[in-house]
Participant: 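Quick one: structure below, then a few questions.
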Amino acid sequence: MTSPQHPPTAGGTPPPPGCPAHAGAVALSGPRFQTEPAELYREMRRDHGAVAPVTLTGDVPAWLVLGYRELHQVYSDPVLFNRDSRHWGQWERIPADWPLRPMVDHSFDSVLWTTGEQHSQRVAMTENALDAVDSFELRRSAEEIADRLIDTFCGQGETELMQHYATLLPALALVRVCGYDDEEGPGLADSINTFLNGTPESLVAFQHFHAATYRLVDARTARPAADAASRMLAHGGYGREQIVQDLAVIIVSGQQPTADWIGNSLRLMLTDDRFAASLTGGRHSVTEAMNEVLWEDAPLQNSVARFATRDVQLGGQHIRAGDMVIMGIASAHHDPQVRAPGGSFTGGNNANFAFGHGDHRCPYPAQEIGETIARTGIEVLLDRLPDVELAVPEAALVWRPSVWMRGLTALPVRFTPAPAQRFLA
Ligand code: HEM
């Protein structure tokens, strides 16, 4: 395997500093991914076309697919652009502590890393378990959790919605969907969020979350209940370890994107005049804001990864067998080939890649669960705090420093203090 735009390197050593072929590669890091991603992707398209050579942390080479059609091509050919990271040609130069290793580590036996027929069977287990979630019951459950969270801050007249609401609601709702005890919810939500923050405490948090998942699987093996864990066990064909890994994938894949969908949609509604006028009772505008966010500020802006299984031309670039290909979801959504600059895709156009596409797309029942939780969270908040408004100027809102996710660090709001409704009265 060779690096993008780069001659073969002996033993996989990194390209020499100053090498002219590598000089054009864009480092996939830095503040512009937070501050002005659309402009950055436009420049990358201008300089490289629909597929750009990039480097990840540690000068690790990869390709970023910026074009809509090219991204569709990658998603649609899972044999050529393979999910199995054992095809990656860079493993021998990747240190054990490479920060992005968890995102490509195939040693976890989960639905994420299987391919072909094995994946079809595995995803059937996950989809069946999630498909059986009753949408009315989920809506009721999400309403109850939302009310409970709002009760903790509604009397104060101000709060920070990312920490106290948007990140907690999906964690608590998904914990319930999977079957963990309700009492474990807050501790698990904390562990999941600490793990995803990538801080030094992440490992301990991950261990706490895993220990609880083993307890859940063992409890449901002994006594099944009406939850996703029990349905996955009942599906048959998979062992304790595999079910634990897939439950972890469900929670980890579902939590942060749903939280950011809530946060990004609320931000849009609180800052854009088109939505401000209809905040109260504006059910229709919630739908429009959520759909617009999937195009403009998709929770996953770049997604890791696929691995080329043979040499191929893509977007005018020569991709070699073993190269890593990153899906540039946000960039594809602004591709001028499919969208006039400044043109809007709101109003029911669902042809975005916010949930991926193809074999490894977000499972349809998972998408519905995420949407129900996010929509319920936004609607309950607006019902309970109808005059909610930003407590800082829009320009003071800060996006998290992530190349992968698109979400706010904080969403401070104020509102007329309201009485607690059910739980803390
Ligand atoms: C609501 C916001 C959500 C967004 C934007 C989102 C986005 C995505 C994307 C882009 C992928 C594909 C990754 C790839 O191509 O490799 C994916 C996969 C996945 N998502 Fe979601 N997701 C969301 C919610 C959820 C929820 C709520 C769940 C669980 C209940 C979930 C479970 C999964 C699973 C299990 C996969 C892996 C599928 C596979 O590899 O076969 N997601 N998601």
Side-chain angles (χ1 to χ4, degrees), residues 65 71-72 74-76 78 81-85 103-104 106 108-116 118-133 135 138 142 166 169-179 192 227-229 231-232 243 245-265 290-291 293-295 297-307 324-330 332-333 350 352-378 404-407:
V65 183
L71 187 56
H72 188 263
V74 169
Y75 274 134
S76 304
F81 296 104
N82 210 283
R83 191 76 174 84
D84 187 339
S85 61
M103 292 167 77
V104 288
H106 49 74
F108 294 115
D109 183 0
S110 80
V111 65
L112 283 182
W113 303 113
T114 48
T115 54
Q118 272 189 342
H119 177 257
S120 306
Q121 289 175 9
R122 191 87 178 244
V123 85
M125 169 179 71
T126 316
E127 284 198 342
N128 290 343
L130 296 176
D131 200 29
V133 172
S135 57
L138 177 64
L169 173 60
L172 295 173
L174 288 173
V175 155
R176 211 179 256 185
V177 162
C178 288
I192 295 161
D227 52 41
R231 290 189 288 271
M232 287 163 80
I243 307 268
Q245 294 298 347
D246 283 352
L247 281 166
V249 169
I250 287 175
I251 298 264
V252 173
S253 305
Q255 141 68 12
Q256 193 66 57
T258 308
D260 287 331
W261 201 6
I262 295 173
N264 297 357
S265 302
M290 288 177 67
N291 191 43
V293 159
L294 293 182
W295 283 102
D297 287 310
L300 238 72
Q301 59 173 322
N302 294 304
S303 175
V304 173
R306 301 294 187 268
F307 304 88
M324 178 195 279
V325 172
I326 295 168
M327 280 75 77
I329 293 173
H333 288 175
N350 292 324
N352 59 67
F353 291 119
F355 293 98
H357 180 72
D359 281 14
H360 277 272
R361 67 165 196 285
C362 189
Y364 291 123
Q367 295 183 30
E368 281 173 30
I369 288 171
E371 183 177 352
T372 299
I373 296 170
R375 177 187 308 284
T376 306
I378 297 167
W404 315 108
M405 304 298 298
R406 177 88 172 145

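Each ligand, and each atom within it, is numbered from 1 in the order the structure gives.
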Participant: Less than 4.0 Å is my threshold; does some heavy atom of H357 fall inside it relative to ligand 1?
Facilitator: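 In this structure, H357 fails to qualify as a contact of ligand 1 - no heavy atom is under 4.0 Å.
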Participant: Using distance alone, determine whether E371 and ligand 1 share an N or O pair under 3.5 Å.
Facilitator: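 No; every N/O pair is 3.5 Å or more apart.
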Participant: At less than 4.0 angstrom from any non-hydrogen atom of R306, what atoms of ligand 1 do you find?
Facilitator: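 This gives 14 (C), 15 (O), 16 (O) as the contact atoms.
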Participant: Is any N or O atom of W261, backbone or side chain, closer than 3.5 Å to an N or O atom of ligand 1?
Facilitator: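 Not met; the criterion fails.
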Participant: For atom 21 (Fe) of ligand 1, report each protein N, O or S atom nearer than 2.8 Å, sorted by chain and then by residue number.
Facilitator: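 The answer is C362 SG.
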Participant: Looking at residues at least two apart in the chain, or sitting in another chain, which of them share a side chain to side chain contact (heavy atoms under 4.5 Å, CB included) with Q121?
Facilitator: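 With sequence neighbours excluded, Q121 shows a side chain to side chain contact (heavy atoms under 4.5 Å, CB included) to E117, Y238, given in chain and number order.
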Participant: Is it the side chain, the backbone, both or neither of I250 that has a heavy atom closer than 4.0 Å to ligand 1?
Facilitator: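 Contact part for I250 vs ligand 1: both backbone and side chain.
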Participant: For A129, what residues pass the side chain to side chain contact (heavy atoms under 4.5 Å, CB included) criterion, not counting sequence neighbours?
Facilitator: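 A129: side chain to side chain contact (heavy atoms under 4.5 Å, CB included) contacts with A228, R231, M232.
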Participant: Can you name the atoms of ligand 1, numbered from 1 with element, that are less than 4.0 Å from a heavy atom of L300?
Facilitator: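 Answer, ordered by atom number: 10 (C).
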Participant: Going by the order shown, which atoms of ligand 1 are within less than 4.0 Å of some heavy atom of Y75?
Facilitator: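 Matching atoms, with element in brackets: 15 (O).
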Participant: Please name all residues satisfying side chain to side chain contact (heavy atoms under 4.5 Å, CB included) with H72, sequence neighbours left out, ordered by chain then number.
Facilitator: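 So H72 forms a side chain to side chain contact (heavy atoms under 4.5 Å, CB included) with S76, F353, H357.
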Participant: List ligand 1 atoms under 4.0 Å from R83, heavy atoms only on the residue side.
Facilitator: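 Close to R83: 16 (O).
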Participant: Hey, are R83 and D359 close enough for a salt bridge, meaning a charged N less than 4.0 Å from a carboxylate O?
Facilitator: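 No, this pair does not count.
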